[in-house]
Amino acid sequence: MAEYLGSRNWQPSREPREPDTAHLQRISAQLSALQREVQELKRMVAALASNGVGRPPAEPPRQSAERAAPTADRDLAIELLVDVVRELRDRGTVRLFTAVNEEVRRRFGELPNDRIPYERFKDFVQDAQRRGKIRLVRVGPVDHVLLADESIQAYVETVRREMEFVQP
């Protein structure tokens with residue numbers, strides 16, 4: 001490389017070069033600033049931990065939907081789900097899992113909340129199915145939600161006819 005740059009007599013220095021004072025002062029100032037920032041962060045974390053905010057929450061043992069005690073809120077939430085599915089059926093709408101989810105959320109907001117006490121919408125729907133209020137049916141790659149007394153075969157045929165009508 002020295003030949004390429006035209007400096008044939010260049011020899012690498014074998015002795016480490018002494019850094020200048022200004023450079024050492026800049027490095028020292030940066031280290032001091034970092035130490036102050038670390039001290040401040042430690043203080044903030046300690047303050048948060050003493051208030052109980054910084055600690056990871058002690059997770060209570062998760063209750064499965066079937067072990068959860070039936071409450072008025074759960075029963076009310078499941079009746080709401082049944083009403084939404086019934087209304088979608090009466091409108092002639094295909095009851096995709098996602099469509100039912102959107103309609104329930106449109107009416108009552110995001111889960112979990114006080115009115116629908118489940119962590120995930122799927123837990124909610126599966127609990128309603130275990131209670132015999134609705135049925136989850138997979139048609140192709142998609143889940144559909146039916147009322148408990150509906151004929152699965154008739155619904156699947158209706159969905160297949162609609163899919164054939166839509167596809168070119």
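Remember, it's a predicted structure, so these values are computed and weren't measured experimentally.
- In this structure, the separation between CZ on Arg130 and CG on Leu136 is 10.0 Å, given to the nearest 0.5 Å.
- Pairs of residues two or more places apart, or lying in two chains, that qualify as ring pair (Phe, Tyr, Trp, His ring centres under 6.0 Å) and include a residue from residues 76-98 are Phe97-Phe121.
- Under the rule for a side-chain contact (heavy atoms from CB on, under 4.5 Å), the partners of Glu79 that lie at least two apart in sequence or sit in another chain are Lys133.
- Atom CG of Leu80 and atom CZ of Phe124 lie 6.0 Å apart (nearest 0.5 Å).
- Annotation: side-chain hydrogen bond (donor to acceptor under 3.5 Å, both in side chains) contacts of Thr98 (sequence neighbours excluded): none.
- Val156 has its side chain within reach of Val137: a pair of non-hydrogen atoms, C-beta onward, lies under 4.5 Å apart.
- Thr93 places no side-chain N or O within 3.5 Å of a backbone atom of Arg89 that could act as its donor or acceptor partner.
- Between atom CZ of residue Arg135 and atom CG of residue Asp149 there is a gap of 8.0 Å, rounded to the nearest 0.5 Å.
- By the side-chain hydrogen bond (donor to acceptor under 3.5 Å, both in side chains) test, Arg86 is found to be paired with Asp83, residues two or more places apart in sequence or in another chain being considered.
- Under the ring pair (Phe, Tyr, Trp, His ring centres under 6.0 Å) criterion, the residue pairs touching residues 126-163 are His144-Tyr155, with sequence neighbours excluded.
- Counting only residues at least two apart or on different chains, the salt bridge (Lys or Arg N to Asp or Glu O under 4.0 Å) pairs with a member in residues 91-102 are Arg95-Glu150.
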When you look at Arg131 and Gln126, which way does the side chain to side chain contact (heavy atoms under 4.5 Å, CB included) test go after all the steps? CA-CA 9 Å; Arg131 293 175 184 221; Gln126 288 173 338; over 6 Å; no
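- Residues Asp143 and Leu96 form no side-chain contact, since every pair of their non-hydrogen atoms from C-beta on lies 4.5 Å or further apart.
- Nearest heavy-atom pair across Leu88 and Val100 is CD1-CG2, 3.8 Å.
- The two atoms that bring Leu81 and Ala128 nearest to each other are CD2-CB, 3.7 Å, heavy atoms only.
- In this structure, Gly132 and Ala148 approach most closely via the heavy-atom pair O-CB, 3.1 Å.
- In this structure, the side chains of Val85 and Leu146 stay at 4.5 Å or more apart for every pair of heavy atoms.
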